Protein chains: 2
Amino acid sequence: MHPMQPLDIFSYLGKLQDYYARERIIPSTTQLSVLWNVKARSWTHQIVQRLKEEGFLETAAGSRLRPGPRFFERTVGHAVRAGLPQQAADVQPELLRIDDYLIEKPSQTILFPVKGDSMVDLGILEGDMVIIERSNSASSGQVVLAIVDNEFTLKVLARDKEGYYLEARNEKRSQDYPPIRPEQELEIYGFYIGLFRKASVSGHRLGLNR
Amino acid sequence: MHPMQPLDIFSYLGKLQDYYARERIIPSTTQLSVLWNVKARSWTHQIVQRLKEEGFLETAAGSRLRPGPRFFERTVGHAVRAGLPQQAADVQPELLRIDDYLIEKPSQTILFPVKGDSMVDLGILEGDMVIIERSNSASSGQVVLAIVDNEFTLKVLARDKEGYYLEARNEKRSQDYPPIRPEQELEIYGFYIGLFRKASVSGHRLGLNR
DNA sequence: CATTATAGAGAACAATTGTTCTCAGTTCAA
DNA sequence: TTGAACTGAGAACAATTGTTCTCTATAATG
């Protein structure tokens, strides 16, 4: 799998990552031995050492183990061509930490669940979690979370000769979402920097839409 | 703070949550004693017991502690109503690990960047990162990453009397994306379990779309 | 062939672990 | 005043911990 590595650490790592996703804890050497099907705790310890060198594990206070910086890395496959299919794949793994990738300023970042379909043309669906970075200002064209007349709305900030206003992005139901012009003040809560979505299970919600 | 609780568990919990955010591990009773400024480990144990009853901690295999279901209790900002604006909300920041939320089987999960617009009706846009869980099978109606004639494609798995085939989800350009019927075999690489998206900076790509 | 890593096992050890038991102040209602 | 509850401390214990040391197979390399 990974040519440079003499001991195939990654099969051990995989099991551990799955375990951690389930149990939310890095187990002791004894339990790791069971998990990895290794008879000798000393050998388990050796493998752990290897994982530490690679940055997948760390020793916390009290010499217990905790996830290291690389523990949450995910492999990125190469180019899904959702248009016309693409040339076959040499699967050259690239790694990405989702949290780090999405959030740059954790202290100023807030998540909001989306309700309604006023932004579907931008691929923002009901149930999605949008990632908002707090800010009092934004430029027109940006997607913003605004507080209009004391209520939250996710809309596109626009501007004309009469001043700033908010636009929806739903062509099909544009008559349902007319531009919003605040009565007096338009308060920006933050701007949209991304989103994530967990698909509902099975082909239920994923079914035909016609 | 919490009227019902005789012992103010929440000041202890707060310190522990902060610690966990930094160290990604629940420490031992000894270290908890230091963290909480408690002289006797027995008393620390008592407090832990209380936290377990409330569901903030759990005993994992080997009687170590791990975060319980309420440990990450999310006070998500209340519902962005992308439709009609909603009642204002006290916005409390949430500490949700996006990674944990999205991925259940790390070792079998792979990310793929989306190219093309064949799935826009499901809110899957070019540039999005889709999260794929490896699997050789899927049921019709599911969004799958398939290998058709040695090429990757993200499509909806469908079935009729002639067998399985792949459908796009782009009503506007449906003529550009006819159903794909594999020449001989249709190999499923995995199925779609979610996605995340980082909006391109500034009002560039976010601009008007008419 | 001999040699040298690699992969694995078994035993042993001091330190730390979670837990329990006993005892001592403090608060507060009966 | 009496007596529970709380809140807290100290000691003690068996079990488990991380770690180290020694000892085999197996595989590759010269």
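No experiment lies behind these values; they were computed from the predicted model shown. Below, chain A is the first sequence line, B the second, and so on; all start at residue 1. The figures here come from the full heavy-atom set of this structure, side chains too, leaving out hydrogens, waters and symmetry mates.
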Modelled atom types, side-chain donor and acceptor of A:Lys52 and A:Thr59, under 3.5 Å: yes

Presence of A:Tyr12 side-chain N/O under 4.0 Å of C:dG8 phosphate oxygens OP1/OP2: yes

Pull out every protein N or O sitting under 3.5 Å from an N or O of nucleotides 15-17 of chain D, one pair per line with the distance.
residue, atom, partner, partner atom, Å
D:dT17, OP1, A:Ser28, OG, 2.5
D:dT17, OP1, A:Gln31, OE1, 3.3
D:dT17, OP2, A:Thr30, OG1, 2.4
D:dT17, O3', B:Arg64, NH2, 2.8

[N] [atom2] sits how many Å from [X] [atom1], rounded?
X: B:Asn37; N: D:dT7; atom1: CG; atom2: C1'; answer: 15 Å
X: B:Arg50; N: C:dT19; atom1: CZ; atom2: P; answer: 15 Å
X: A:Gln46; N: D:dT22; atom1: CD; atom2: P; answer: 14 Å
X: B:Lys39; N: D:dA9; atom1: NZ; atom2: P; answer: 5 Å
X: A:Trp36; N: C:dA7; atom1: CH2; atom2: P; answer: 14 Å
X: A:Gln49; N: D:dC21; atom1: CD; atom2: P; answer: 13 Å
X: B:Leu65; N: C:dT19; atom1: CG; atom2: C1'; answer: 12 Å
X: B:His45; N: D:dC6; atom1: NE2; atom2: P; answer: 18 Å

B:Ile47 side, atom CD1; B:Leu57 side, atom CG - distance, nearest 0.5 Å: 11.5 Å

If the condition is side chain to side chain contact (heavy atoms under 4.5 Å, CB included), which residues does [X] pass it with, not counting sequence neighbours?
X: A:Ala60; value: A:Arg66, B:Ile25
X: A:Ser28; value: A:Thr30, A:Gln31, B:Arg64
X: B:Arg159; value: B:Ser140, B:Tyr164

The side chain of [X] lies closest to which of these nucleotides: [options]?
X: A:Trp43; options: C:dA9, C:dT19, D:dA9; answer: C:dA9
X: A:Ser42; options: D:dC21, C:dT19, C:dA7; answer: D:dC21
X: A:Val38; options: D:dG10, C:dA9, C:dA7; answer: C:dA9

Any residue meeting side-chain hydrogen bond (donor to acceptor under 3.5 Å, both in side chains) with A:Ser42, in chain and number order, not counting sequence neighbours: none

Touch class at under 4.0 angstrom, heavy-atom based, for B:Thr59 against every strand present: nothing

Sugar-phosphate only, base, or nothing, as touched by A:Val48 at under 4.0 Å among non-hydrogen atoms: nothing

Listed partners of A:Phe191 passing ring pair (Phe, Tyr, Trp, His ring centres under 6.0 Å), at least two apart: none

